[in-house]
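Lettering follows sequence order; numbering is per chain, from 1. Bear in mind the structure is a predicted one, so any value in this text is a computation, not a measurement.
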Protein chains: 2
Amino acid sequence: MTSQVVQAEETVHTPGRKRDASRDDALRQAALEVLAEVGYDRLTIDAVAARAGAGKATCYRRWAGKAELVVDAVGRMKAAPVQPNTGTLRGDLVELTCHFNDVDDTFRTDVQAGLVSGLVHDAKLRAAFAELFIAPRKAVYRAVFDRAIERGEIAPVPNYELLSDIVPSMVFHRLILTGRPPDPAFILTILDQIILPLTKPCAQSEAAPNPHTGHTQTRTTSS
Amino acid sequence: MTSQVVQAEETVHTPGRKRDASRDDALRQAALEVLAEVGYDRLTIDAVAARAGAGKATCYRRWAGKAELVVDAVGRMKAAPVQPNTGTLRGDLVELTCHFNDVDDTFRTDVQAGLVSGLVHDAKLRAAFAELFIAPRKAVYRAVFDRAIERGEIAPVPNYELLSDIVPSMVFHRLILTGRPPDPAFILTILDQIILPLTKPCAQSEAAPNPHTGHTQTRTTSS
DNA sequence: TCGTATCGAAACTAACCCGTTTCGCAAAAG
DNA sequence: CTTTTGCGAAACGGGTTAGTTTCGATACGA
């Protein structure tokens with residue numbers, strides 16, 4: 001799993017000019033920009049190389065093709081880590097949710113939207129996306145909920161995974177279907193009318209018998 | 001707004017062979033099938049015409065291009081109307097939600113997924129999609145909630161629009177990001193752990209003052 | 001019967017993109 | 001200096017697509 005780009009392991013004699021590391025970054029950055037502007041399907045290597053002021057050969061010397069380049073570029077586009085600690089669950093959630101939904105980072109939003117056209121077809125891209133955007137989010141959400149539980153602010157939440165998927169899902173849905181980017185008002189509405197009410201003990205699922213499948217719903221199979 | 005395809009208004013003398021109306025349907029159906037299989041971006045007029053057993057000229061005589069054909073085809077793909085009346089809110093919601101999320105209509109699901117790659121770029125397509133998939137859903141959800149309120153089963157729900165967007169958003173999110181199609185277990189989990197708990201009076205939003213924007217959240221600006 | 005418009009099929013132009021290759025130059029190592 | 005590799009730029013061959021046009025056959029009206 002730690003396998004990186006194939007690099008000559010042995011430090012054999014390496015004659016010739018060294019690779020310019022700045023070209024890697026320029027190409028990755030250009031890839032992200034083109035991705036944000038035209039989307040994955042319409043992204044071309046020519047466009048990326050041209051924007052980076054590089055030749056296509058330079059690009060193909062580093063990545064096998066479009067998919068590898070984009071996955072690498074997106075994979076390194078790490079967001080600034082967050083560990084909100086406002087003292088209240090709501091405060092933490094507001095900070096967290098606005099952060100993870102890129103309310104003030106339109107570039108990340110555009111990259112995300114641009115990736116969509118590729119996600120449907122490319123399982124590799126889907127995996128990279130999930131690992132980059134979904135996994136870290138889930139971990140931080142869990143920490144925030146756990147802290148609120150420790151404080152005694154809320155009762156234990158068995159389905160924090162489900163809860164932490166609500167906002168991203170609805171923001172994503174709105175972005176794709178209406179073109180409207182994430183905005184704080186929308187996010188706060190979801191937090192105050194959905195997420196926070198669900199943390200109150202009286203709203204906890206009463207594990208009602210399921211007349212459709214015949215068994216009781218207990219665990220969630222969220223993404 | 002009622003303007004249809006440009007058709008000779010005057011019933012002038014029309015010599016020559018009449019257009020075969022069956023070709024329209026064949027092309028629209030073929031377009032939907034190709035759309036479901038390869039997605040909007042990779043859909044080509046050649047493929048559609050070939051599948052319909054028609055010539056490209058026949059297609060271009062009817063629609064100006066890919067966008068017009070797909071919008072028309074999708075726009076006519078009406079789902080069977082539903083008016084669930086099981087006597088309980090949960091029963092109605094289960095029927096409704098499974099129906100609108102195409103749990104047993106994989107073709108509609110595939111069309112929906114295929115459209116995604118085009119939605120990001122094409123506002124026209126986005127509008128058609130919203131009108132076809134979102135608007136009818138919203139209306140039926142409203143009716144179901146209203147009926148439950150009349151029965152006295154739940155207290156008035158001010159935010160049924162928001163509630164009716166939760167399941168589709170999460171199903172959509174999961175479909176795009178993990179490739180997993182809608183399944184009843186996932187939908188029932190959302191219903192029982194999110195939607196239904198939120199209809200209980202104690203879970204209603206207490207209209208908390210909003211420290212972020214400074215005003216109170218009252219209305220939702222959902223899609 | 002004659003003119004016209006449709007049909008499916010195929011050819012065609014023009015554009016685009018991918019991945020490779022070539023070219024002239026720059027840099028690093030021997 | 002020579003060799004080897006990286007660099008930007010450009011060109012190339014092969015493939016795909018859009019949209020148009022042509023062709024022979026067919027259907028409809030006058």
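- Surrounding CD of E131(B) are at most 12 heavy atoms belonging to other residues, nucleotides or ligands under 6.0 Å away.
- Using a cut-off of 4.0 Å between Lys/Arg side-chain N and Asp/Glu carboxylate O, D165(B) and R174(A) are scored as not salt-bridged.
- Of the two residues near DNA chain D, Y60(B) and A54(A), the one whose nearest nucleotide lies more 5' is A54(A).
- Residue W63(A) contributes atom CH2, which lies 14 Å from atom P of dG19(C) at whole-angstrom precision.
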All N/O contacts under 3.5 Å from nucleotides 22-24 of chain C to the protein, with atom names and distances to one decimal?
none

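- At a non-hydrogen distance threshold of 4.0 Å, R23(B) from residues 22-47 of chain B come into contact with DNA chain C.
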Between D41(A) and S117(B), does the side-chain hydrogen bond (donor to acceptor under 3.5 Å, both in side chains) criterion hold? Intermediate values first, please. CA-CA 8 Å; D41(A) 271 6; S117(B) 62; 4.8 Å; no
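- A donor N or O paired with an acceptor N or O is found under 3.5 Å between the base of dG19(C) and the side-chain atoms of K56(A).
- Taking the six-membered ring where the residue is Trp, F172(B) and F172(A) present tilted rings, their angle falling between 30° and 60°.
- Once rounded to the nearest 0.5 Å, the distance linking CG of D25(A) with CG of D20(A) reads 9.5 Å.
- R180(A) forms no cation-pi arrangement with F186(A), by the criterion of a distance under 6.0 Å to the ring centre and an angle within 45° of the ring axis.
- Using a cutoff of 4.0 Å between basic side-chain nitrogens and carboxylate oxygens, R142(A) and D146(A) are scored as salt-bridged.
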Could you walk me through whether L35(B) and V74(B) pass side-chain contact (heavy atoms from CB on, under 4.5 Å), step by step? CA-CA 10 Å; L35(B) 183 62; V74(B) 172; 3.9 Å; yes
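- Cation-pi geometry between K66(A) and Y40(A) is met: the NZ or CZ atom falls under 6.0 Å from the ring centre, inside 45° of the normal.
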Quick one: what's the B/S/- string for nucleotides 1-6 of chain C, heavy-atom cutoff under 4.0 Å, read 5' to 3'? --BBBB
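- Using a 4.0 Å cut-off between charged nitrogen and carboxylate oxygen, D24(A) and R19(A) do not count as a salt-bridge pair.
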